[in-house]
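This is a predicted model, so every value here is computed, not measured. Just so we're on the same page: letters track the sequence lines, and every chain starts at 1. Note: hydrogens, waters and symmetry copies are ignored here, and every other heavy atom, side chains too, is used.
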Amino acid sequence: MSDNIVEIDNLSFGYKGRLLHKGINMVFPRGKVVAIMGGSGSGKTTLLRLIGGQLNPNVGEVRVDGDVVHKQSLDGLYQLRRKMGMLFQFGALFTDLSVYENVAFPIREHTDLPESMVRDFVMLKLNAVGLRGARNLMPTELSGGMARRVALARAVALDPQIIMYDEPFAGLDPISMGVVCNLIRSLNDALGATSIVVTHDVHETFTFVDYVYFVSGGVVVAEGTPEELTNSDKPFVHQFVHGEADGPVPFHYPAPDYKREVLRGHDV
Amino acid sequence: MFKGLQGALSSLGHRVIEGIWRIGAGARLFSYICFYLPEIFKRPRLIVREIFSTGVLSLLIIIVSAFFVGMVLGLQGYNTLQKYGSSESIGVLVALSLVRELGPVVTALLFAGRAGTAITAEIGLMKATEQLSAMEMMAVSPVARVIAPRFWAGVISMPILAALFSMVGVLGGYFVAVPIVGVDSGAFWSQMQASVDFRDDIVNGVMKSLVFGVVCTMIALFEGYDAPPTAEGVSRATTRTVVNSSLAVLGLDFILTALMIGA
């Protein structure tokens with residue numbers, strides 16, 4: 001058994017004539033929390049979809065527990081996905097089901113457990129995210145942070161080996177952000193899982209992850225532990241970690257010369 | 001001029017290719033729905049819930065519309081038939097119009113407007129809010145869990161709704177013909193009983209509504225499943241559901257009628 005539960009090997013992916021990833025290599029060791037960071041539109045979420053088999057690479061491959069994801073049949077892919085849990089950016093809770101039913105959903109779909117055991121499992125997971133008391137609420141009655149925690153309980157309902165988080169801190173207040181940080185780390189350690197966190201929130205992420213990949217322009221531009229990256233003098237890492245407006249990642253989207261455009265008049 | 005012609009041809013070609021692609025994608029979705037048919041029998045509760053949403057919740061609009069359509073048929077029919085001294089045949093006219101044509105067609109049009117749009121909007125929004133992706137990542141097929149139950153619920157609901165439409169429509173026609181304009185009640189029912197054939201009229205009407213059920217539900221499901229995951233995308237998909245379903249129902253009605261009369 002390999003030390004790495006997920007391996008991305010020379011992966012290139014693009015669509016509509018635009019190459020989003022150009023020969024990316026990454027490894028995700030078992031038991032670790034690894035962050036993929038980069039600016040908006042750098043293809044971080046797409047990487048999660050490639051790992052989950054929702055997209056297929058143009059070149060290269062993604063291996064999960066030794067199996068090449070894009071070569072699986074539909075049944076094989078579903079078997080592979082049962083090893084994974086994914087927290088979507090805004091939770092993606094089923095709006096016609098209560099909090100309890102949302103967490104019970106994967107358990108009911110994949111096991112034949114009696115209702116009493118389903119209840120025990122659901123309560124255990126909801127207790128872990130601190131929302132046992134909210135079990136009868138509907139998703140529309142939850143705050144953003146609560147929805148994210150319910151979605152996390154649902155993602156870990158079947159004790160997956162890999163937990164993927166897509167922008168888990170987006171739109172959260174500082175308290176909820178701290179709660180989610182602690183949950184990611186504690187659930188990872190309690191379940192003995194591997195977590196992949198896609199985010200661009202540097203300061204929160206550096207407090208609990210083991211390793212970080214920086215993605216920009218379709219390639220991995222830097223990688224290392226949070227300490228190494230904090231002290232890095234690479235221009236991109238420095239700009240990103242310190243939140244500078246301009247640098248290797250330009251502030252402006254590519255455009256013709258501003259003065260010439262203004263003088264040309266209203267020809268937009 | 002050459003550039004303009006080239007642009008128009010290119011645009012036409014693009015639309016044709018997109019149309020063919022959509023037909024192919026729809027056919028593929030239909031084959032998946034058929035593939036997951038056994039799953040439905042394992043969880044009949046899903047279908048029952050969807051029959052409630054698509055069928056039971058459409059009852060009010062179907063019944064009210066049917067009653068008015070029946071009353072209009074009664075009035076118009078009486079107005080025409082009395083000129084030829086055959087106003088007693090009003091029962092036959094109302095029943096045949098409803099059972100053969102208006103029942104299946106108007107039900108399908110109302111179904112597309114009420115249940116079809118609801119299906120498209122719901123599935124489109126589930127896609128936009130990543131609920132379908134979440135299901136896929138949980139190793140649960142959205143086609144088996146979300147699409148197929150709605151499809152079979154639509155196919156089951158449509159003939160029942162059409163039958164109810166025809167029944168209530170006949171009652172609407174009776175309400176105008178007998179108590180209001182004074183046609184004999186016995187003549188109304190007996191002529192209807194003598195002239196409406198079970199196989200040629202009722203069975204053919206049920207077959208039409210079954211076909212319309214398949215087509216309208218399939219269009220609603222495909223438009224929702226294929227909708228771009230944005231507010232505008234879902235809105236356009238919902239509009240397309242009504243337009244495409246209505247055109248398909250009216251076009252198919254002509255073809256089915258021609259085949260049935262030919263048969």
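Note on Arg49(A), Gln79(A), Gln89(A): by heavy-atom pairs under 4.5 Å with chain B, the leading option is Arg49(A). Most heavy-atom pairs under 4.5 Å with chain B: of the set Ala155(A), Ala92(A), Ala157(A), this distinction falls to Ala92(A). Chain A forms more heavy-atom pairs under 4.5 Å with one residue of Gln131(B), Met135(B), Met138(B) than with any other, namely Gln131(B). Options Met84(A), Arg82(A), Gln54(A), Met164(A) differ in how many heavy-atom pairs under 4.5 Å they form with chain B, and the most are formed by Gln54(A).
Interface residue Met86(A): only side-chain heavy atoms are found under 4.5 Å from chain B. Interface residue Leu93(A): only backbone heavy atoms are found under 4.5 Å from chain B.
Using a 4.0 Å cut-off between charged nitrogen and carboxylate oxygen, Glu101(A) and Arg154(A) do not count as a salt-bridge pair.
Side-chain contact between Thr107(B) and Met158(B) is present, with heavy atoms from C-beta onward closer than 4.5 Å. Looking at Tyr213(A) and Val27(A), their side chains come closer than 4.5 Å, going by heavy atoms from C-beta outward. Ile162(A) is listed as a side-chain neighbour of Val6(A), based on a closest heavy-atom distance under 4.5 Å.
No side-chain donor from either of Thr230(B) and Glu232(B) sits under 3.5 Å from a side-chain acceptor of the other.
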